[in-house]
A.B. asks: 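Quick one: this structure, given as structure tokens, is what I'll be asking you about.
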Amino acid sequence: MMNKILDIKLLKFLSIGVLNTLLGTAIMFCLYNIFGCSYWVSSAANYILVSILSYVLNKKFTFRHQGETLKSGVRFAMNIAVCYFMAYGIAKPLVIWVMGRSPIYLQENVAMLVGMCIFTGLNYIGQRFFVFGDVPMRDKMNYNKWVGSPYISEKEKEQLKQMSEQEIKDAFYKNAEFGTAGMRGIMGLGTNRINKYTIRMAAKGLADLLGEGSRVAIAYDTRNHSDEFAKEAARVLAAAGIKASLFDRYSPVPLLSFAVRELNCDGGIVITASHNTKEYNGFKVYDGTGCQMDPELAGNIAANIDKLDNPLRIPIAEPDHENIEIIGPEITDKFLQAVERCAVSLPEKAASELKIVYTPLHGSGRDFVLGALKKSGFSNISTVQQQMEFNGDFPTVKKPNPEDRAALELAAQQALADDADILIGTDPDCDRIGVGVKHNDGIIYLTGNQTGVLLIDFLAQMKPTGDKTLITSVVTSEMGAAVAESYGLNVIKTLTGFKFIGGEMNQLPAEEFFMGYEESYGYLVGDHARDKDGVSAALLICQMAVWYKSQGKTLIDILQELYDRHGYWIDEQESFVFEGAEGDKTMKEIMAALEREGDESFSEVGQLDEFIDYNCGIGELPPSNVLKYVFSDGSWLAVRPSGTEPKIKVYYCIKGEDSAAADRMYEKLKRSVKAAVSQNFHG
């Protein structure tokens with residue numbers, strides 16, 4: 001605590017305090033001795049005039065406070081009032097007690113000097129710890145623990161000492177959150193960063209949940225440090241008496257989910273940040289069914305992490321410990337066989353008629369997608385050579401996300417040059433897939449919802465649908481459900497996140513599962529996994545494209561036919577990014593404001609039939625921070641904070657009689673959403 005008070009900020013405060021004191025003393029003594037004002041009037045005048053100068057100078061130079069002026073100003077006034085009455089209320093009785101026989105004017109002059117000294121000390125503490133928020137808060141407490149820990153290397157301590165105040169705040173203001181999507185964040189030193197220490201904490205939390213004698217499969221993608229973090233997790237599990245089965249190569253998410261089931265593991269780990277930028281990595285955790293852990297189990301892991309006595313002192317085994325084993329090609333071969341079983345039956349040699357461009361975006365899907373396609377007869381495949389290298393820097397894209405059309409730009413250029421029929425791209429952990437279709441001499445990209453709708457329609461024609469169930473989410477387009485129901489399929493809607501789709505799968509007999517998908521470019525057709533699978537999705541999308549090509553149609557033609565049958569839909573997503581500690585606070589304020597406003601939030605756009613607050617838990621669904629606004633024409637809007645990125649996501653599902661009507665509603669809603677976010681952000 002003393003180190004927190006006695007530093008450069010105190011020197012700056014005292015320097016400004018000297019200036020304030022000289023000015024204040026001059027004001028007080030002139031008013032009292034020259035103008036004959038009372039003790040209380042003289043000291044109050046000093047208090048008011050000098051306080052304004054103190055606030056301005058300390059805000060700008062001492063504490064470099066970037067927060068709201070109104071908020072800190074109100075706190076400053078409260079602080080000054082308390083300090084004034086305490087200082088001058090104490091000073092005069094104290095001086096009278098010490099100088100009881102001295103003349104009154106001398107006592108009061110001394111009291112003013114003593115009061116000024118007491119006031120300055122109290123004012124410094126109040127400004128630093130209350131007004132400008134520079135309290136010994138979690139960021140500095142965590143930071144100091146790391147700098148002083150014997151378990152942090154000297155090289156790492158030097159890196160910590162080079163951090164700026166803002167970097168310290170962002171890296172240490174909280175622990176990396178462990179939620180239902182596991183843990184994800186920017187790589188670097190700090191409790192709110194992904195590094196070997198936070199990876200060890202997460203692995204220890206899982207180990208304490210599963211217990212000695214369990215078995216866990218561990219996979220990792222092509223991100224920087226993914227292989228190192230996977231080995232760290234394995235060493236923690238091994239030291240805790242758990243068998244750690246570590247893949248010998250970069251592996252897609254669906255392969256890990258498959259391996260957990262195939263090897264009868266009690267859990268699984270994937271080191272990945274999916275489609276985030278190169279600065280990120282993460283720790284995804286799976287249960288014994290190959291499904292991402294549900295909120296209750298994830299909460300138990302988080303609680304175990306919080307209970308660690310010394311999070312930096314976690315036992316780890318040697319890399320060659322007997323509890324660490326390597327998963328070789330046998331499981332990979334079985335996975336590809338399971339993918340092959342997802343395929344539909346097509347005429348012999350049909351697959352060779354489709355011209356495909358594929359990019360793995362520098363990720364782990366490369367060999368798996370190519371292997372699955374070639375094994376099923378797709379021989380006319382060209383790859384984007386600039387993006388075939390395993391590279392965690394993702395040098396050819398700003399963000400390795402197939403949802404982002406810019407990430408597929410190189411593939412689109414190649415598809416046009418090669419006159420290809422279709423382009424596909426998978427993200428670094430190969431659980432998502434993006435699709436572009438050559439149509440009328442250009443490339444048209446499919447949204448995640450459109451690809452899902454096309455797959456439902458295609459598979460319903462190619463496979464039996466009786467007593468089968470489609471599983472999707474509450475923020476996925478209603479068009480998919482409409483198409484599914486037209487074929488007699490049952491439809492289950494669950495919360496956002498494939499863990500909930502996997503959880504619903506676990507409640508169904510295998511033969512009743514038809515397909516699961518989300519708007520975020522994730523699909524699963526077979527029963528071999530409990531997470532989205534970009535490998536089998538790539539195979540089925542190409543089969544779908546070649547089947548329609550044999551009829552002289554593209555996937556865009558088929559999509560238009562579906563619009564003609566089921567109505568025109570616009571399904572889009574928009575994100576508002578809020579980074580760092582302040583961004584996290586802003587997101588919470590925006591979501592809280594929208595929840596308070598309820599059905600008033602977007603009422604100006606059209607008649608609102610229903611406002612659904614999933615925070616309260618709807619039906620059998622657990623509480624989730626999702627707000628949904630349903631309009632009388634069947635359109636809806638959903639808002640939620642991302643579980644893996646510092647952003648608020650907005651989902652639009654617009655239904656219109658035609659494209660013009662849908663476009664009008666979409667534009668009105670987008671303007672209303674931006675206004676609401678801006679109003680709540682600045683307000």
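Every value quoted in this text rests on a predicted model; they were computed, and no experiment measured them. Any value given below was found using the heavy atoms of this structure, including those in side chains, with hydrogens, waters and symmetry copies removed.
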A.B. asks: Hey, could you give me the NZ/NZ distance between Lys398 and Lys278, rounded to the nearest 0.5 Å?
C.D. replies: 12.0 Å

A.B. asks: Would you check, one step at a time, whether the test side chain to side chain contact (heavy atoms under 4.5 Å, CB included) holds for Leu562 with Met479?
C.D. replies: CA-CA 9 Å; Leu562 291 172; Met479 187 177 180; 3.8 Å; yes

A.B. asks: Between the side chain of Asn192 and the main-chain N/O of Tyr173, is any donor-acceptor distance below 3.5 Å?
C.D. replies: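 Side chain of Asn192 to backbone of Tyr173, a donor-acceptor pair under 3.5 Å: no, none is there.
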
A.B. asks: Indicate yes or no for a side-chain donor-acceptor contact from Asn281 to the backbone of Asn224 under 3.5 Å, with no hydrogens or angles considered.
C.D. replies: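 Side chain of Asn281 to backbone of Asn224, a donor-acceptor pair under 3.5 Å: yes, one is there.
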
A.B. asks: Is Ser257 reaching over with its side chain to a backbone N or O of Pro254, donor-acceptor style, under 3.5 angstrom?
C.D. replies: no

A.B. asks: Can you tell me if Arg530 uses its side chain to pair, donor with acceptor, with the backbone of Phe498 under 3.5 Å?
C.D. replies: no

A.B. asks: Any side-chain donor-acceptor pair under 3.5 Å between Arg640 and Tyr614?
C.D. replies: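 Absent: no donor and acceptor within the cut-off.
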
A.B. asks: If only side-chain N and O atoms count, and only distance matters, is there a donor-acceptor pair under 3.5 Å linking Tyr563 with Gln450?
C.D. replies: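 The criterion, which ignores hydrogens and geometry beyond distance, is satisfied for Tyr563 and Gln450.
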
A.B. asks: Of the non-hydrogen atoms in Leu423 and Ala412, which two are nearest, and what is the gap between them?
C.D. replies: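 Residues Leu423 and Ala412, closest heavy atoms: CD2-CA, 3.5 Å.
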
A.B. asks: Minimum heavy-atom separation for Ile618 and Asp613, please, with both atom names.
C.D. replies: CD1-O, 3.7 Å

A.B. asks: Using every non-hydrogen atom in the two residues, find where Met293 and Tyr286 come nearest and quote the distance to one decimal.
C.D. replies: CE-O, 3.5 Å

A.B. asks: Donor-acceptor pair, Arg223 side chain versus Thr277 backbone, under 3.5 Å?
C.D. replies: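 It does hold such a pair.
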
A.B. asks: Look at the side chain of Asp287 and the backbone N and O of Gly267, then say whether any donor-acceptor pair between them is shorter than 3.5 Å.
C.D. replies: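 Looks like no, no N/O pair under 3.5 Å.
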
A.B. asks: Tell me, do Leu308 and Met201 make a side-chain contact under 4.5 Å, heavy atoms counted?
C.D. replies: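 Touching, per the 4.5 Å side-chain cut-off.
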
A.B. asks: Check whether any side-chain heavy atom of Ile570 sits under 4.5 Å from a side-chain heavy atom of Glu572, and report yes or no.
C.D. replies: yes

A.B. asks: Assign the ring pair Phe602 / Tyr629 to parallel, tilted or perpendicular, where the plane angle (0 to 90°) is split at 30° and 60°.
C.D. replies: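 Rings of Phe602 and Tyr629: perpendicular, over 60°.
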
A.B. asks: Could you walk me through whether Arg565 and Asp457 pass salt bridge (Lys or Arg N to Asp or Glu O under 4.0 Å), step by step?
C.D. replies: CA-CA 12 Å; Arg565 291 205 301 269; Asp457 183 67; 3.4 Å; yes

A.B. asks: Please determine whether a side-chain nitrogen of the Lys or Arg among Glu279 and Arg193 lies less than 4.0 Å from a carboxylate oxygen of the Asp or Glu.
C.D. replies: no

A.B. asks: Quick one: CD1 on Ile194 to OH on Tyr280, what's the gap to the nearest 0.5 Å?
C.D. replies: 10.5 Å

A.B. asks: Please test Glu595 against Leu627 for side chain to side chain contact (heavy atoms under 4.5 Å, CB included), starting from the C-alpha separation and ending with a verdict.
C.D. replies: CA-CA 7 Å; Glu595 187 175 13; Leu627 305 175; 4.3 Å; yes

A.B. asks: Tell me yes or no: between the side chains of Ser672 and Glu604, is some donor less than 3.5 Å from an acceptor?
C.D. replies: yes

A.B. asks: Indicate whether any N or O donor in one side chain lies under 3.5 Å from an N or O acceptor in the other, for Asp431 and Tyr521.
C.D. replies: no

A.B. asks: Assess Lys145 against Tyr143: is NZ or CZ under 6.0 Å from the centre of the six-membered ring, and within 45 degrees of the ring's axis?
C.D. replies: no

A.B. asks: Could you go step by step and tell me if Asp221 and Ser226 meet the side chain to side chain donor-acceptor pair (under 3.5 Å) rule?
C.D. replies: CA-CA 6 Å; Asp221 69 1; Ser226 282; 2.9 Å; yes

A.B. asks: If you measure from the Lys or Arg side-chain nitrogens to the Asp or Glu carboxylate oxygens, is any gap between Lys174 and Glu177 under 4.0 Å?
C.D. replies: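 Answer for the salt bridge query: yes.
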
A.B. asks: Looking only at heavy atoms, what is the nearest atom pair of Pro428 and Pro400, with distance?
C.D. replies: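 That would be CD-O, 3.3 Å.
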
A.B. asks: Would Lys628 and Glu610 satisfy salt bridge (Lys or Arg N to Asp or Glu O under 4.0 Å), going step by step from the backbone distance to the final call?
C.D. replies: CA-CA 8 Å; Lys628 193 170 184 178; Glu610 190 177 13; over 6 Å; no

A.B. asks: For residues Asp571 and Ser477, is any side-chain donor paired with an opposing acceptor at under 3.5 Å?
C.D. replies: yes

A.B. asks: After noting the C-alpha distance and the side-chain angles of Met587 and Glu582, does the key distance pass the side chain to side chain contact (heavy atoms under 4.5 Å, CB included) rule?
C.D. replies: CA-CA 9 Å; Met587 286 198 296; Glu582 290 302 316; over 6 Å; no

A.B. asks: So, the side chain of Thr469 versus the backbone of Asn490: is there a donor-acceptor pair under 3.5 Å, distance only?
C.D. replies: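 No; zero donor-acceptor contacts below 3.5 Å.
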
A.B. asks: Find the distance between CD1 (Ile444) and CD1 (Ile556) and round it off to the nearest 0.5 Å.
C.D. replies: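 It comes to 4.5 Å.
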
A.B. asks: Could you check if a side-chain atom of Ile301 sits within less than 4.5 angstrom of a side-chain atom of Val285, using non-hydrogen atoms only?
C.D. replies: yes

A.B. asks: Please work out whether the ring planes of Tyr523 and Tyr517 are parallel, tilted or perpendicular, with thresholds of 30° and 60°.
C.D. replies: parallel

A.B. asks: Tell me the closest heavy-atom pair linking Phe394 and Asn276, and the distance in Å.
C.D. replies: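 Looking at all heavy atoms of both residues, the closest pair is CE1-O, 4.5 Å.
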
A.B. asks: Which heavy-atom pair separates Pro622 from Phe500 by the least distance, and what is that distance?
C.D. replies: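 Closest pair (atom of Pro622, atom of Phe500, distance): CG-CE2, 4.1 Å.
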
A.B. asks: Decide yes or no for Thr494 and Ile501: does some side-chain heavy atom of the first lie under 4.5 Å from some side-chain heavy atom of the second?
C.D. replies: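 When only atoms from C-beta onward are counted, Ile501 and Thr494 do touch, with a gap below 4.5 Å.
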
A.B. asks: Side chain to side chain contact (heavy atoms under 4.5 Å, CB included), that's the test. Do Leu470 and Ile456 meet it? Break it down for me.
C.D. replies: CA-CA 8 Å; Leu470 171 75; Ile456 293 167; 3.7 Å; yes

A.B. asks: CD1/Ile443 to CZ/Arg405 distance, rounded to the nearest 0.5 angstrom?
C.D. replies: 12.0 Å

A.B. asks: Leu206 versus Asp208: any side-chain heavy-atom pair under 4.5 Å?
C.D. replies: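 No, side chains not in contact.
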
A.B. asks: Judged by atom type as modelled, is there a donor-acceptor pair below 3.5 Å linking the side chain of Ser624 to the main-chain atoms of Asn615?
C.D. replies: no

A.B. asks: Would a 4.5 Å heavy-atom cut-off, applied to side chains only, mark Ile186 and Asp170 as touching?
C.D. replies: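 No - every pair of side-chain heavy atoms lies 4.5 Å or more apart.
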
A.B. asks: Compare all side-chain heavy atoms of Pro402 with those of Thr426 and state whether any distance is below 4.5 angstrom.
C.D. replies: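 No, their side chains stay 4.5 Å or more apart.
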
A.B. asks: When rounded to the nearest 0.5 angstrom, what is the spacing between CG in Asn175 and CE in Met183?
C.D. replies: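 Atom-to-atom, Asn175:CG and Met183:CE are 10.0 Å apart.
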
A.B. asks: Less than 3.5 Å apart, any donor N or O on the side chain of Glu296 or Asn300 sitting next to an acceptor on the other?
C.D. replies: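 There is no such pair (donor and acceptor under 3.5 Å, judged by atom type) between the side chains of Glu296 and Asn300.
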
A.B. asks: For Thr447, is there any backbone N or O sitting under 3.5 Å from a side-chain donor or acceptor partner on Thr451?
C.D. replies: yes

A.B. asks: Step by step, would you call Glu403 with Arg432 a salt bridge (Lys or Arg N to Asp or Glu O under 4.0 Å)?
C.D. replies: CA-CA 8 Å; Glu403 296 179 72; Arg432 299 169 192 254; 3.0 Å; yes

A.B. asks: Examine Trp146 together with Tyr197 and report whether their ring centres are nearer than 6.0 Å.
C.D. replies: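 Distance test on ring centres: under 6.0 Å, yes.
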
A.B. asks: Does any donor atom in the side chain of Tyr652 or Glu574 lie under 3.5 Å from an acceptor atom in the other side chain?
C.D. replies: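 Yes, Glu574 and Tyr652 have a side-chain donor paired with an acceptor closer than 3.5 Å.
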
A.B. asks: Less than 4.5 Å apart, side chain to side chain, heavy atoms only: is that true for Val397 and Leu361?
C.D. replies: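 Val397 reaches Leu361 side chain to side chain.
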
A.B. asks: Rounded to the nearest 0.5 Å, how far apart are OG of Ser575 and OH of Tyr651?
C.D. replies: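 Answer rounded to 0.5 Å: 7.5 Å.
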
A.B. asks: Tell me if a side-chain donor or acceptor on Thr272 pairs with a main-chain N or O of Ser274 at a distance below 3.5 Å.
C.D. replies: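 It does hold such a pair.
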
A.B. asks: For Thr222 and His362, which I'm curious about, is there any donor-acceptor pair between the side chains at under 3.5 Å?
C.D. replies: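 No.
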
